[in-house]
Amino acid sequence: MQQATVLSGKRNANWGDRIFAGLATTSGVFVLVLLGAIIIGLAVGGAPAFRAFGAFFLVDAEWDPVQELFGALVPVYGTIVTSILALVIAVPLAFGIAFYLTELAPGWLRRPVGTAVELLAAVPSIIYGMWGFFVIVPIMAKVVQPWAIDTLGEVPLIGFLFAGPPFGTGILTAALILAVMIIPFIAATMRDVFETVPPVYKESAYGLGCTTWEVMRSIVIPYTRASVVGGIMLGLGRALGETMAVTFVIGNTNRISTSLFGPGNTIASIVALEFPESEADSLKMSSLLALGFILFVISFIVLAISRMLLRPRTKA
Amino acid sequence: MSATTLSAAGAIPGPAKDLRVSEALGRSRHRRNMIVKALCFAATAIGLLFLASILATLVWRGMAGLSLTVFTTSTLPPGSNGGLLNAIVGSLIQTLIGAAIGTPIGLMVGTYLAEYARDSALGNSVRFVSDVLLSAPSILIGLFVYQLVVNPFNGFSAIAGCLALAVIVIPIVVRTTEDMLRLIPATLREAVIGLGAPKWKMITLVCYRAAREGIMTGVLLAIARVAGETAPLLFTSLGNLNWSTDLTKPMASLPVTIYQYAGSAFQDWIDLAWAGALLITLGVLAINIIARLVLRRGV
């Protein structure tokens, strides 16, 4: 009888293991299915728009709900331009913060400053939108833009970038808010990868008489280059899909303007704004879903590159 | 001095060094170092200034709109002294249900990655996809749930909002669960297996307990993240200006209400939006700090 209980206990254990392993594997596969479902869901939803406009959907600057003509050029352009501008602003600042936190700050200051930067990443995006709209836009409209239009706007060759009326909103303001939002992500990633550099390397460089900056430039950056680029791509991925903050400050006009102060839109902002005014299963709704599909493809590529570059760090 | 003695001894090959040139070089290197240090300090100061500006603006304008009626009254038309009660309750309901759906799935996926598929091809692709979902634009998850649930079933509903938030919760919990389970030493696992325990008991009774603080941190961070999500809720639970706790109907949430009110032309609505913004930021930051404390206590 005792043998029987031992045997049944063993069988139970097997069953438990099999069920648990099955559950875990199913959940893992579920994540793959989820990604597939998101891609298919957006593609199916956008199919009528792709059928109606074909490849011209990508190069058409029209967005005319009355005549039912929709094109993705302006939002795609706005998405890419604001994100890249945001990177141009954010990367030097994020690098400075990461450098300060890993090499320069006194020990007692590292934790509080690091936590503060991480809290900046935790602030919901709608708060950035309100802050941008009620604090940054007036500053841009009253101080920055009039000054830039009067001075930089007069410079030949680059003057057109600073032309137009100082509304305060526009592409540059959106890029600025995006930059503030992605700084903590990039800075935190950079700090983490900077800390993976073996101290021996840095110490030997210091021993040769290198200054802090020389150690950073010739030891830390070469050692972490791939991961640093991965962190920047991660920030880019965030900026591409950011919705609420951009919607508040970009001006929401379907027009490609050459001026940095001109209004524009992004894929995320046009979807958020036009969605409530679109009927289910209309061509407009389908165009919005098609835009979502394009955004997904762009951010998937960026995030995939980012993960591949960051992987050596996570393996180590 | 050392340069001359060394070159005299012939230890360094190449032309002899001019002391004045070396000194000038040293000065310029030192100057460059100081400039970079100053710039990095300035960058950190700018970053902290942004945080301070956001918090100061929130407190300054949020306090003006904050009063007891915010917590006791639902949203009302402009000019009639409304509150945010339905939005606060709606946010709590959707966030908690979203986390309740997403956490077990994320936990199991994290377990799968850490315990069953450390280096398998399937495991690697699951990890990759989960990491991509972690940073995927949340507005697309809203559109996806709209396509999957709202459109076929003909209507916006709170449960659709919960599902969208759950999709956002999953990869966050996966990440922390896997990281925390991987930190558990192999000797602990071997000891449990050596006692004759089946693998699932090892995981549930020992590994989960050892990683409890870390996993809780992940869940808290996930809750903090989805509590502030606006974009996915716009297409799923839509928002509701009336009191409603019916999961099959549209439901208000704090972020969506803030979005609607901040863009309005009525000063009392804008004040309420600031009050809501202050509440949600304080809540999110408080959860973040608690999560950090939990983790620090555990380590």
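FYI, side chains are in, hydrogens and waters are out, and symmetry mates aren't considered; it's all heavy atoms of this structure. Within every chain, numbering begins at 1; the chains are lettered A, B, ... in the order of the sequence lines, protein sequences first and strands thereafter.
Contact of B/Arg29 with chain A is made through backbone and side chain together, with heavy-atom distances under 4.5 Å. In this structure, the portion of A/Leu288 lying under 4.5 Å from any heavy atom of chain B is its backbone and not its side chain. Contact annotation for A/Met216: neither backbone nor side-chain heavy atoms come within less than 4.5 Å of a heavy atom of chain B. For B/Leu48, the part lying near chain A is the side chain, with the backbone staying farther off; criterion is any non-hydrogen pair under 4.5 Å. Heavy atoms closer than 4.5 Å to chain B are found in the side chain of A/Ser299, but not in its backbone. Looking at B/Ala273, both its backbone and its side chain come within 4.5 Å of chain A, counting heavy atoms on both sides. Of the atoms belonging to A/Leu119, heavy atoms from both backbone and side chain fall under 4.5 Å from chain B. Of the atoms belonging to A/Thr212, heavy atoms from both backbone and side chain fall under 4.5 Å from chain B. Contact of B/Leu221 with chain A is not made at all, since no heavy-atom distance falls under 4.5 Å. Residue contact with chain A, scored on non-hydrogen atoms closer than 4.5 Å, involves the side chain of B/Thr57 exclusively. When heavy atoms are compared at a cutoff of 4.5 Å, A/Met244 approaches chain B solely by way of its side chain, counted from C-beta outward. With a 4.5 Å cut-off on non-hydrogen atoms, A/Ile127 touches chain B through its side chain but not through its backbone. Both the backbone and the side chain of A/Ala37 come within contact range of chain B, judged by heavy atoms closer than 4.5 Å. With a threshold of 4.5 angstrom between heavy atoms, B/Val284 approaches chain A through side-chain atoms but not through N, CA, C or O. Residue contact with chain B, scored on non-hydrogen atoms closer than 4.5 Å, involves the side chain of A/Thr247 exclusively. If you measure heavy-atom distances from A/Tyr128 to chain B, the contacts under 4.5 Å come from the side chain alone. Residue B/Tyr261: no heavy atom, backbone or side chain, is found under 4.5 Å from chain A. For B/Ala224, no part sits under 4.5 Å from any heavy atom of chain A, backbone or side chain. Heavy atoms closer than 4.5 Å to chain A are found in the side chain of B/Ile46, but not in its backbone. For A/Val271, the parts sitting under 4.5 Å from any heavy atom of chain B are the backbone and the side chain alike. Both the backbone and the side chain of A/Phe296 come within contact range of chain B, each with at least one heavy atom under 4.5 Å from a heavy atom of that chain.
Scanning both residues, A/Gly241 and B/Ile139, for their nearest heavy atoms gives O-CG2, 4.1 Å. Between B/Ser125 and A/Leu32, the shortest heavy-atom distance links the atoms O-CD2, 3.8 Å. Residues A/Tyr100 and B/Cys40 approach most closely at CB-O, 4.1 Å, considering heavy atoms. Shortest non-hydrogen contact noted between B/Tyr112 and A/Ala24 is CB-O, 3.4 Å.
When B/Leu278, B/Ile203, B/Val150, B/Ile170 are compared by the number of non-hydrogen pairs under 4.5 Å with chain A, B/Ile203 comes out ahead. Of the listed residues (A/Ile19, A/Val180, A/Leu42), the one with the most heavy-atom contacts under 4.5 Å to chain B is A/Val180. The candidate from A/Leu234, A/Leu93, A/Val302, A/Ile126 with the greatest count of non-hydrogen atom pairs under 4.5 Å with chain B is A/Ile126. Comparing A/Pro92, A/Pro184, A/Pro124, A/Gly129 by how many heavy-atom pairs each has under 4.5 Å with chain B, the most go to A/Pro124. For the set B/Ile141, B/Ile54, B/Thr230, the entry with the most heavy-atom pairs within less than 4.5 Å of chain A is B/Ile54. Residue with the most contacts toward chain A among B/Val129, B/Asn33, B/Val109: B/Asn33 (heavy-atom pairs, distance under 4.5 Å). The greatest number of non-hydrogen atom pairs below 4.5 Å with chain A, out of B/Phe41, B/Phe144, B/Phe128, is found for B/Phe144.
The salt bridge (charged side-chain N to carboxylate O under 4.0 Å, His left out) pairs that include a residue from residues 30-47 of chain B number zero, where partners must be two or more places apart or lie in different chains.
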For the pair A/Glu118 and B/Arg292, evaluate side chain to side chain contact (heavy atoms under 4.5 Å, CB included) and give the outcome as yes or no after the intermediate values. CA-CA 11 Å; A/Glu118 281 164 23; B/Arg292 265 160 239 275; 2.2 Å; yes
May I have the step-by-step check of side chain to side chain contact (heavy atoms under 4.5 Å, CB included) for B/Val126 and A/Val29, ending in yes or no? CA-CA 7 Å; B/Val126 169; A/Val29 172; 5.9 Å; no
Stepwise side chain to side chain contact (heavy atoms under 4.5 Å, CB included) test for A/Ile38 and B/Leu133: CA-CA 10 Å; A/Ile38 293 175; B/Leu133 284 179; 3.9 Å; yes
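At least one side-chain heavy atom of A/Leu289 sits under 4.5 Å from a side-chain heavy atom of B/Leu143. You'll find the side chain of B/Lys199 stays beyond 4.5 Å of the side chain of A/Phe20, heavy atoms only. No side-chain heavy atom of A/Thr115 sits less than 4.5 Å from a side-chain heavy atom of B/Ile289. The shortest side-chain heavy-atom distance between A/Phe99 and B/Leu39 does not fall under the 4.5 Å cut-off.
Contacts with chain B (heavy atom to heavy atom, under 4.5 Å) involve these residues of residues 275-282 of chain A, listed by number: A/Phe275, A/Ala280, A/Asp281.
For B/Asp131, the salt bridge (Lys or Arg N to Asp or Glu O under 4.0 Å) partners two or more places apart in sequence, or in a different chain, are A/Arg307, B/Arg175. For B/Ser53, the side chain to side chain donor-acceptor pair (under 3.5 Å) criterion is met by A/Trp131, not counting sequence neighbours.
Here the OH-CG distance, from B/Tyr116 to A/Leu23, works out to 9.5 Å after rounding to the nearest 0.5 Å.
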